[in-house]
Amino acid sequence: MLFLGMLKLVVNGTAQSKASSCQKLVLPLQFLGTSQHRIPANANFHSTSISEAEPPRVLITGGLGQLGVGLANLLRKRFGKDNVILSDIRKPPAHVFHSGPFVYTNVLDYKSLREIVVNHRINWLFHYSALLSAVGEANVSLARDVNITGLHNVLDVATEYNVRLFVPSTIGAFGPTSPRNPAPDLCIQRPRTIYGVSKVHTELMGEYYYYRYGLDFRCLRYPGIISADSQPGGGTTDYAVQIFHAAAKNGTFECNLEAGTRLPMMYISDCLRATLEVMEAPAERLSMRTYNIGAMSFTPEELAQALRKHAPDFQITYCVDPLRQAIAESWPMILDDSNARKDWGWKHDFDLPELVATMLNFHGVSTRVAQVN
């Protein structure tokens with residue numbers, strides 16, 4: 001009924017404009033209509049009124065995934081342990097629970113999400129709750145709920161309480177008709193996975209809320225993220241993490257992508273630093289709401305060759321998963337991140353040689369380079 005009422009206003013406004021001078025339809029500034037629990041037009045919109053000198057109060061949703069714990073550790077070193085609240089719907093391991101504040105947060109529970117933001121005086125929110133590419137294709141309905149409905153709840157709560165919001169996007173937001181080498185910030189996207197579709201929706205909704213309601217929305221398109229101390233979460237680029245676990249365990253790895261499949265990748269410390277840098281960047285420095293960020297780009301065979309420089313006996317075989325291969329072939333080979341480098345000074349630290357050495361050292365692989373040293 002609310003939608004029909006708004007549509008009637010549009011029709012009436014159009015009809016009246018023919019009889020008089022052109023009239024603008026002005027919608028209530030506080031009309032938010034994306035979440036299941038809509039905020040009424042007469043709701044009181046609050047400001048967190050935190051001074052610039054005071055550290056932000058941070059909430060991380062989906063915090064037990066590949067990136068959340070590492071981001072919490074980085075932010076706690078910067079802003080203090082008690083100012084960064086990690087959250088998830090899963091039970092945290094003991095070392096995570098005792099490392100700083102942790103709360104149960106289901107992003108599909110709109111009322112609970114509002115209560116957490118209010119009770120903890122949150123003014124920065126990192127929204128990591130999502131089902132990734134391969135997992136999302138196996139459960140489309142759940143991915144739609146978490147990735148889209150959950151986003152709507154977060155957008156509305158962040159807008160109501162004047163929260164600076166970061167939501168990651170991905171190379172999965174591109175599609176087979178997108179430029180692949182390189183993929184620019186602005187181009188045709190048209191992804192063919194529910195994960196990619198939901199991330200394009202994220203980018204556009206965040207930009208809309210920025211222009212329509214003044215929401216401070218910031219977004220980075222992550223390449224494949226490689227981390228040493230956390231398990232991958234069901235994405236197409238997971239092989240680049242799993243290969244190091246296999247090298248440490250038995251020196252062999254079976255890859256589910258073709259040997260020559262080139263994809264953009266990034267070490268996790270670069271990813272987390274980029275996330276913090278874009279959140280701290282002055283608003284006037286940002287020319288767009290969603291940026292590509294890049295570091296390195298390689299194929300499974302190139303990664304294996306780099307690994308053999310340290311562990312000459314390492315072996316890789318291939319058993320291609322048609323679903324993951326099709327997804328990978330629809331994604332960019334290289335991301336053009338020139339706008340991020342120009343606008344807010346993005347610069348990566350890890351290229352392929354540094355990545356391989358760091359990952360092998362973490363997993364305790366006895367390497368030829370280490371033996372020489």
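Side-chain N or O atoms of Gln189 include one that pairs as donor or acceptor with a backbone N or O of Ala173 at under 3.5 Å. Side chain of Asp313 to main chain of Gly251: no donor-acceptor pair is present (N/O by atom type, distance under 3.5 Å, no hydrogens or angles). At least one donor-acceptor pair under 3.5 Å links the side chain of Arg76 to the backbone N or O of Val84. For the pair Asp88 (side chain) and Leu64 (backbone), a donor-acceptor distance under 3.5 Å is present. No donor-acceptor distance shorter than 3.5 angstrom exists from the side chain of Arg144 to the backbone of Ser198, with no hydrogens or angles considered. Not one N or O on the side chain of Ser330 forms a donor-acceptor pair closer than 3.5 Å with the backbone of Gly175. A donor-acceptor pair under 3.5 Å links the side-chain atoms of Asn139 to the main chain of Leu142, judged by distance alone. The backbone N or O of Asp349 lies less than 3.5 Å from a partner atom in the side chain of Asp270, making a donor-acceptor pair. The backbone N or O of Ile171 sits nowhere less than 3.5 Å from a side-chain atom of Lys199 that would complete a donor-acceptor pair. With Thr236 contributing its side chain and Arg324 its backbone, the two residues share no donor-acceptor pair below 3.5 Å.
Summarising the geometry of Leu360 relative to Ala247, their closest heavy-atom pair is CD2-CB, 4.5 Å, with the distance given to 0.1 Å. Contact between Pro264 and Pro332 at its shortest, heavy atoms only, is CD-O, 3.0 Å. In terms of heavy atoms, Glu203 sits closest to Cys219 at CG-SG, 4.3 Å. Nearest heavy-atom pair, Asn153 versus Val107, reported as atom, atom and distance to 0.1 Å: ND2-O, 2.8 Å. Of all the heavy atoms in Val356 and Leu307, the pair that sits closest is CG1-CA, 3.9 Å. Shown here for Met333 and Ser297, the closest heavy-atom pair between the two residues is O-OG, 2.5 Å.
The hydrophobic clustering, which links ILVMFWY residues whose side-chain heavy atoms are closer than 4.5 Å, places Phe102 and Val58 together. The same ILVMFWY cluster, assembled from side-chain heavy atoms under 4.5 Å apart, contains both Leu125 and Val103. Taking hydrophobic clusters as Ile, Leu, Val, Met, Phe, Trp and Tyr residues chained together by side-chain heavy-atom distances below 4.5 Å, Tyr208 does not share a cluster with Tyr210. By the criterion of side-chain heavy atoms lying less than 4.5 angstrom apart, applied directly or through intervening Ile, Leu, Val, Met, Phe, Trp or Tyr residues, Tyr195 is not grouped with Val197; the two fall into different hydrophobic clusters. Residues Leu204 and Tyr213 do not share a hydrophobic cluster, clusters being chains of Ile/Leu/Val/Met/Phe/Trp/Tyr side chains in contact below 4.5 Å.
Classified by interplanar angle (parallel below 30°, tilted 30° to 60°, perpendicular above 60°), the ring pair Phe126/Phe166 is tilted. Using cut-offs of 30° and 60° on the angle between ring planes, the pair Tyr267 and Phe350 is tilted.
Within the model, atoms CG of Leu75 and CG of Leu272 stand 8.5 Å from one another, a figure rounded to the nearest 0.5 Å. From Leu59, atom CG reaches atom CG of Leu113 across 7.0 Å, with rounding to the nearest 0.5 Å. Note that the CG atom of Leu286 and the CH2 atom of Trp344 stand 8.5 Å from one another [nearest 0.5 Å]. Rounded to the nearest 0.5 Å, atoms CG (Asn339) and OG1 (Thr290) are 11.5 Å apart. How far CG of Asp336 is from CZ of Arg341: 9.5 Å, rounded to the nearest 0.5 Å. How far OH of Tyr161 is from CD1 of Ile122: 12.5 Å, rounded to the nearest 0.5 Å.
Of the residues Thr252, Ile316, Ile226, the one that meets the side chain to side chain contact (heavy atoms under 4.5 Å, CB included) test with Ile243 is Ile316. For the side chain to side chain contact (heavy atoms under 4.5 Å, CB included) with Met205, the qualifying choice from Ile148, Leu155, Val200, Val167 is Leu155, the only one to do so. Each of Thr261, Asp351, Leu355 was compared with Phe298 under the side chain to side chain contact (heavy atoms under 4.5 Å, CB included) criterion, and only Leu355 meets it.
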Query raised in the report: When you look at Gln66 and Val241, which way does the side-chain contact (heavy atoms from CB on, under 4.5 Å) test go after all the steps?
Result: CA-CA 11 Å; Gln66 184 186 14; Val241 178; 4.1 Å; yes
Query raised in the report: So Glu354 and Met296, side-chain contact (heavy atoms from CB on, under 4.5 Å) or not? Walk me through it.
Result: CA-CA 11 Å; Glu354 294 83 6; Met296 65 194 89; over 6 Å; no
Query - Test side-chain contact (heavy atoms from CB on, under 4.5 Å) applied to Arg180 and Arg262, step by step - result: CA-CA 10 Å; Arg180 298 190 68 210; Arg262 182 173 300 280; over 6 Å; no
**Report entry** Trace of the side-chain contact (heavy atoms from CB on, under 4.5 Å) decision for Asn123 with Arg164
**Finding:** CA-CA 6 Å; Asn123 58 350; Arg164 181 174 297 181; over 6 Å; no
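Residues Asp185 and Arg221 have side chains in contact (heavy-atom distance under 4.5 Å, counting atoms from C-beta outward). You'll find the side chain of Glu258 reaches within 4.5 Å of the side chain of Glu329, heavy atoms only. Side-chain atoms of Val157 and Val163, non-hydrogen and from C-beta on, never get closer than 4.5 Å to each other. Using a 4.5 Å heavy-atom threshold, the side chains of Ser87 and Thr61 count as touching. Annotation: side chain of Phe174 is in contact with side chain of Leu335 (closest heavy-atom distance under 4.5 Å). Counting heavy atoms from C-beta on, the side chains of Ile85 and Ile116 never come closer than 4.5 Å. The shortest side-chain heavy-atom distance between Lys81 and Pro101 falls under the 4.5 Å cut-off. Within the 4.5 Å cutoff, the side chain of Leu67 has heavy atoms near those of the Cys271 side chain.
Phe79 has its ring centre less than 6.0 Å from the ring centre of Trp124.
For CZ of Phe97, the number of neighbouring non-hydrogen atoms (other residues, nucleotides, ligands) closer than 6.0 Å is 12 at most.
Between the side chains of Arg218 and Tyr291, no donor-acceptor pair is found at a separation under 3.5 Å. Between the side chains of Tyr222 and Thr275, a donor-acceptor pair is found at a separation under 3.5 Å.
Comment: Arg289 engages Asp216 in a salt bridge, judged by a side-chain N to carboxylate O separation of less than 4.0 angstrom. Using a 4.0 Å cut-off between charged nitrogen and carboxylate oxygen, Glu280 and Arg273 do not count as a salt-bridge pair.
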